[in-house]
Chemist: 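Before I ask anything, here is the structure I am working with.
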Amino acid sequence: VNESHPLDPICIYGLHKSYISQYLHFLGKKEGLKSTILRTANLYGPHLRTNNGQYNIVNFFTDQIKARQLITIFGRGSQLRDYVYVDDFTELLWRAAQKPGRGRIYNIGSGRGTSLISIARLICKANGLGSIKHEKWPSSFLQVETGDYVTDIRKIYTEIGWRPTTKLEKGIAKMLAYNKS
């Protein structure tokens with residue numbers, strides 16, 4: 001997905017994100033406000049416990065394993081998502097702040113898609129324990145399921161010179177080590 005991909009929010013969360021982008025763009029044109037909008041894929045990394053599995057799925061799965069719960073996958077878990085380790089995102093924030101723009105928009109991710117079932121398996125393997133169960137999609141989740149999402153990061157690389165350096169397996173291992181300490 002690149003920056004020119006049409007926006008069509010399917011939930012209030014997506015609507016708010018779209019509105020803020022439009023608002024910043026408007027203020028840039030009318031008032032000269034400098035802003036850079038980073039549309040971030042799934043961030044993960046060391047964290048406090050999270051109770052919401054709709055967002056931040058890597059951390060949510062990790063918390064399920066720490067609590068000795070089964071990781072629940074809806075359907076086959078074949079839907080692709082894009083993941084970015086928090087240290088890579090922190091580096092991007094620094095770089096973007098050095099080059100302020102007027103309403104610039106960048107999609108942020110790794111540029112690689114990984115299925116949810118693969119993420120769950122990676123977390124179980126890195127943790128040395130954990131189990132996965134499959135359930136039928138709840139209708140409330142199906143309503144906001146976006147399908148596959150993989151970020152096109154060519155624009156951010158071309159204009160700011162950023163691309164993530166942390167491989168998914170390494171990021172998960174670092175996150176688990178930090179959370180155990």
Side-chain angles (χ1 to χ4, degrees), residues 1-7 9 13-14 16-18 20-21 24 34-50 52-66 71 73 77-128 130 145-181:
V1 176
N2 67 23
E3 290 77 4
S4 63
H5 190 83
L7 300 179
Y13 175 72
H16 285 156
K17 289 178 9 174
S18 175
I20 292 300
S21 293
L24 290 171
K34 291 183 178 182
S35 66
T36 300
I37 298 158
L38 304 175
R39 295 178 182 161
T40 308
N42 297 285
L43 285 175
Y44 70 99
H47 66 286
L48 299 174
R49 181 161 172 75
T50 176
N52 185 346
Q54 289 180 309
Y55 308 105
N56 200 345
I57 196 71
V58 173
N59 290 24
F60 182 71
F61 284 173
T62 302
D63 291 341
Q64 286 182 305
I65 286 181
K66 283 176 22 185
I71 293 177
I73 300 286
S78 60
Q79 62 273 38
L80 300 177
R81 296 292 186 269
D82 197 338
Y83 304 92
V84 178
Y85 189 66
V86 68
D87 289 351
D88 291 328
F89 185 67
T90 303
E91 170 67 22
L92 170 60
L93 290 174
W94 173 252
R95 287 187 189 200
Q98 304 307 306
K99 295 182 177 186
R102 188 165 289 146
R104 291 185 308 180
I105 297 174
Y106 298 106
N107 288 352
I108 309 305
S110 68
R112 291 181 302 279
T114 304
S115 68
L116 287 181
I117 190 66
S118 295
I119 286 292
R121 289 175 180 148
L122 278 171
I123 292 168
C124 289
K125 182 179 178 183
N127 203 42
E145 171 55 34
T146 60
D148 293 343
Y149 180 89
V150 180
T151 310
D152 179 346
I153 60 172
R154 288 178 290 188
K155 183 178 177 188
I156 190 78
Y157 179 71
T158 300
E159 294 184 12
I160 295 187
W162 178 87
R163 77 171 57 150
T165 59
T166 306
K167 302 287 185 217
L168 192 54
E169 296 81 359
K170 175 108 172 144
I172 288 172
K174 285 171 62 173
M175 178 181 74
L176 290 171
Y178 180 88
N179 289 346
K180 285 180 182 177
S181 66

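Residues take their numbers from the sequence shown, with the count starting at 1. Predicted, not measured: the structure shown is a model, and the values here were computed from it.
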Chemist: Please report the closest heavy-atom contact between G109 and V84, naming both atoms and the distance.
Modeler: CA-CG2, 3.2 Å

Chemist: Looking only at non-hydrogen atoms, find the nearest pair between L176 and A126 and report the distance.
Modeler: CD1-CB, 3.5 Å

Chemist: Rounded to the nearest 0.5 Å, what's the gap from CD on E3 to CD1 on I156? Could you check?
Modeler: 8.0 Å

Chemist: Would you say the side chain of I172 lies within less than 4.5 Å of the side chain of K125, judging by non-hydrogen atoms?
Modeler: no

Chemist: Got V58 and I123 here, is their nearest side-chain heavy-atom distance under 4.5 Å?
Modeler: yes

Chemist: Can you check whether K66 reaches D63 side chain to side chain, under 4.5 Å on heavy atoms?
Modeler: yes

Chemist: Mind checking whether R81 and I57 have side chains closer than 4.5 Å, heavy atoms only?
Modeler: no

Chemist: Tell me every residue that passes side chain to side chain donor-acceptor pair (under 3.5 Å) with S110, counting only those two or more places apart in sequence or in another chain.
Modeler: D82

Chemist: If we only count heavy atoms from C-beta on, is the K155 to N107 side-chain gap below 4.5 Å?
Modeler: no

Chemist: Can you tell me if CZ on R95 sees more than 12 non-hydrogen neighbours from other groups inside 6.0 Å?
Modeler: yes

Chemist: Do the side chains of D152 and H5 get nearer than 4.5 Å, heavy atoms only?
Modeler: no

Chemist: At their closest point, which heavy atom of S115 faces which heavy atom of G77, and how far apart are they?
Modeler: CB-O, 3.4 Å

Chemist: Are side-chain heavy atoms of L38 and L93 found at a separation under 4.5 Å?
Modeler: yes

Chemist: Assess whether side chain to side chain contact (heavy atoms under 4.5 Å, CB included) is satisfied between I108 and T151, documenting all intermediate values.
Modeler: CA-CA 7 Å; I108 309 305; T151 310; 5.7 Å; no

Chemist: Roughly how far, to the nearest 0.5 Å, is CD of Q79 from CG of L116?
Modeler: 4.0 Å

Chemist: Evaluate the side chain to side chain contact (heavy atoms under 4.5 Å, CB included) criterion for residues K174 and D87: first the C-alpha distance (whole Å), next the side-chain angles of each, then the deciding distance (0.1 Å), finally the verdict.
Modeler: CA-CA 11 Å; K174 285 171 62 173; D87 289 351; 3.5 Å; yes

Chemist: Keeping T158 on the side-chain end and R154 on the backbone end, is there a donor-acceptor pair under 3.5 Å?
Modeler: yes

Chemist: Ignoring hydrogens, what is the shortest heavy-atom contact between S21 and I37? Give both atom names and the distance.
Modeler: OG-CG2, 3.5 Å

Chemist: So which heavy atom on G45 is nearest to which on N59, and how close?
Modeler: O-ND2, 3.1 Å

Chemist: Any pair with a residue in residues 77-101 that passes ring pair (Phe, Tyr, Trp, His ring centres under 6.0 Å), sequence neighbours left out, goes on the list, sorted by first then second residue, please.
Modeler: Y44-Y85

Chemist: Can T166 and D88 be counted as having a side-chain donor-acceptor contact under 3.5 angstrom?
Modeler: yes

Chemist: CD1/I117 to CD1/I73 distance, rounded to the nearest 0.5 angstrom?
Modeler: 4.5 Å

Chemist: Using side-chain heavy atoms (C-beta onward) and a distance below 4.5 Å, is P164 in contact with I153?
Modeler: yes

Chemist: How far does CG of L7 sit from CZ of R39, to the nearest 0.5 angstrom?
Modeler: 4.5 Å

Chemist: Please report the closest heavy-atom contact between C124 and I71, naming both atoms and the distance.
Modeler: SG-CD1, 4.0 Å

Chemist: Which ring pair (Phe, Tyr, Trp, His ring centres under 6.0 Å) pairs, counting each pair once, include a residue from residues 152-181, with sequence neighbours left out?
Modeler: none

